[in-house]
2 protein chains.
Amino acid sequence: MSQQSRDDQDALIDALAQTAFVVTAVLGRIGLEHDLSLTQLRMLGVLRDRRLRMSGLASFLGLEKSTLSGLVDRACARGLVERSADPDDRRAVIVALSARGAELAAEVFAEVSEQLLPLLAALGPAEQSRLRALLAGLLASP
Amino acid sequence: MSQQSRDDQDALIDALAQTAFVVTAVLGRIGLEHDLSLTQLRMLGVLRDRRLRMSGLASFLGLEKSTLSGLVDRACARGLVERSADPDDRRAVIVALSARGAELAAEVFAEVSEQLLPLLAALGPAEQSRLRALLAGLLASP
DNA sequence: TATTGTTATACTCTATAACTATA
DNA sequence: TATAGTTATAGAGTATAACAATA
């Protein structure tokens, strides 16, 4: 039993797309309050746990290296990230959060949690666990 | 029991954000193949079931009216949407999909389903139902 | 006067192509 | 020759401010 009709699947896909838009909108709004585009926000998020070369960061974000040059330029000018030389390869440039960038990233991502939490409050604790497990399954699928 | 620890909630928020990025990436990639930005894609999606005035469409998409003017200009130039007069208010402009726009929208959104479905295959039928219900609860919350 | 939409302007994000420096 | 980054250029998306036409 419990067959999935075409309509059921469509409804799920719709729900997923809408959820994506809602979450993205929250990220965008919080970013805006700190003068950060979604891309800058993602960059800060990626750099929270890592130091990367320009090329590595570009492929992480799915951007061309020329795009990243501009992105890093602007973040650098604002003192959020820093470029440094790679001692192993003099062509390469390492990008890392500055102290101020790390501080801002922590602040922003705390706000994100804060603003998504009320959304989650619509679900009970058991349901939250269940949702977490389901999304984990989804994300693991490659 | 079944208390939610801080870490559990953070994990759920992380999963939500990642899901949003994955879904958005799929939408973006399919859009790209048809020379449609995410915003153009959303506009087509909104106009699938509605005819709207410029102002209505702008607020639907969360954009300034001036932004929408350019967006509609470009979509118009490609023959995807059409402007027409509002008989009730000569200041207003009605935007609607053209025949070709409707065709493209149907095609693109069929592709979206096609590409998200395999992701969903990671879950069994009962889990899909459960996820749908949970997301619906989430989206209903505000 | 207030509202609807467009235009002018400016900035960010994005890619492609050409270039420099290093490997 | 090939790779890492930057620069030049161009186009889309975005907002603010000024404007025209209509209500």
Side-chain angles (χ1 to χ4, degrees), chain A residues 21 24-25 27-47 51-96, chain B residues 21 24-25 27-47 51-96:
Chain A
F21 279 127
T24 303
L27 292 172
R29 183 164 39 73
I30 294 175
L32 196 65
E33 287 165 14
H34 296 271
D35 262 299
L36 293 168
S37 69
L38 263 179
T39 307
Q40 297 274 1
L41 209 62
R42 284 181 64 206
M43 179 168 67
L44 294 192
V46 168
L47 291 178
R51 302 160 48 78
L52 287 169
R53 291 157 57 134
M54 291 292 286
S55 53
L57 183 53
S59 71
F60 218 109
L61 296 171
L63 300 171
E64 288 300 313
K65 51 191 182 160
S66 63
T67 300
L68 195 66
S69 284
L71 214 58
V72 170
D73 281 351
R74 288 182 288 271
C76 246
R78 289 179 58 187
L80 301 179
V81 306
E82 286 164 351
R83 284 177 163 104
S84 59
D86 182 341
D88 300 337
D89 183 342
R90 299 208 313 205
R91 294 171 306 179
V93 171
I94 305 279
V95 189
Chain B
F21 278 127
T24 302
L27 292 171
R29 183 162 39 73
I30 294 175
L32 197 64
E33 288 165 13
H34 296 271
D35 263 298
L36 294 168
S37 69
L38 264 178
T39 305
Q40 297 275 359
L41 210 62
R42 284 181 65 205
M43 179 169 66
L44 294 190
V46 169
L47 291 177
R51 302 160 49 76
L52 288 169
R53 292 158 57 135
M54 291 291 286
S55 53
L57 184 52
S59 72
F60 219 110
L61 296 171
L63 300 171
E64 288 302 311
K65 50 191 181 160
S66 62
T67 300
L68 196 65
S69 283
L71 215 57
V72 170
D73 282 350
R74 289 181 288 271
C76 246
R78 290 178 58 186
L80 300 180
V81 307
E82 285 165 351
R83 282 177 165 105
S84 59
D86 182 340
D88 300 337
D89 185 340
R90 300 208 314 204
R91 294 171 305 178
V93 171
I94 306 279
V95 189

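On a predicted model such as this, the values are computed, not experimentally measured, just so you know. The figures that follow rest on heavy atoms only: side chains count, while hydrogens, waters and symmetry mates do not. Order of the sequence lines fixes the chain letters, A, B, ..., with proteins taken first and strands second; residue numbering starts at 1 for each chain.
The base of D:dT3 has none of its N or O atoms less than 3.5 Å from a complementary donor or acceptor on the side chain of A:S55. In the interface, the side chain of B:T39 is not paired with the base of D:dT14 through any donor and acceptor atom under 3.5 Å apart.
Residue B:S66 has no polar side-chain atom (N or O) positioned under 4.0 Å from OP1 or OP2 of D:dA15. Contact check, A:S37 against C:dC13: a side-chain N or O comes under 4.0 Å of OP1 or OP2. For the pair B:R83 and C:dT6, the criterion of a side-chain N or O lying under 4.0 Å from OP1 or OP2 is met.
Rounded to whole Å, atom P of C:dA18 lies 13 Å from atom NZ of A:K65. Summarising the geometry, the separation between CE on A:M43 and C1' on C:dT12 is reported as 12 Å, rounded to the nearest angstrom. Atoms CG (A:L61) and P (C:dA15) sit 11 Å apart, rounded to a whole Å. Regarding B:R90, its CZ atom lies at a distance of 22 Å from the P atom of C:dA2, rounded to whole Å. Whole-Å rounding puts the A:L57 CG to D:dA4 C1' distance at 14 Å. Per the geometry, CG belonging to B:L63 stands 5 Å off P belonging to D:dT14, to the nearest Å. Atom pair B:L32:CG and D:dG11:P shows a separation of 17 Å (rounding to whole Å applied). Summarising the geometry, the separation between CD on B:E64 and C1' on C:dA8 is reported as 16 Å, rounded to the nearest angstrom.
Nearest to the side chain of A:D89, among C:dT4, D:dG5, D:dA4, sits D:dA4.
Between A:R53 and A:D89, the closest side-chain pair of non-hydrogen atoms falls below 4.5 Å. Within the 4.5 Å cutoff, side-chain heavy atoms of B:M43 are placed close to those of B:V72. Between B:R78 and B:D35, the closest side-chain pair of non-hydrogen atoms falls below 4.5 Å. In this structure, B:L71 and B:M54 have side chains that are not in contact, with every pair of non-hydrogen atoms separated by 4.5 Å or more. In this structure, B:E33 and B:R29 have side chains that are in contact, with non-hydrogen atoms separated by less than 4.5 Å.
Where A:D88 and A:Q40 meet DNA chain C, the nucleotide closest to each residue was compared, and A:Q40 sits on the side nearer the 5' end. Position along DNA chain C of the nearest nucleotide to A:R91 versus A:G62 favours A:G62 as the more 5'-ward residue.
Atom OG1 of B:T67 is separated from atom CG of B:L61 by 10.5 Å, given to the nearest 0.5 angstrom. The distance from the CZ atom of A:F60 to the CZ atom of A:R42 is 9.5 Å, given to the nearest 0.5 Å.
Residues from residues 68-77 of chain A placing a heavy atom under 4.0 Å of any atom in DNA chain C, listed by number, are A:L71, A:R74.
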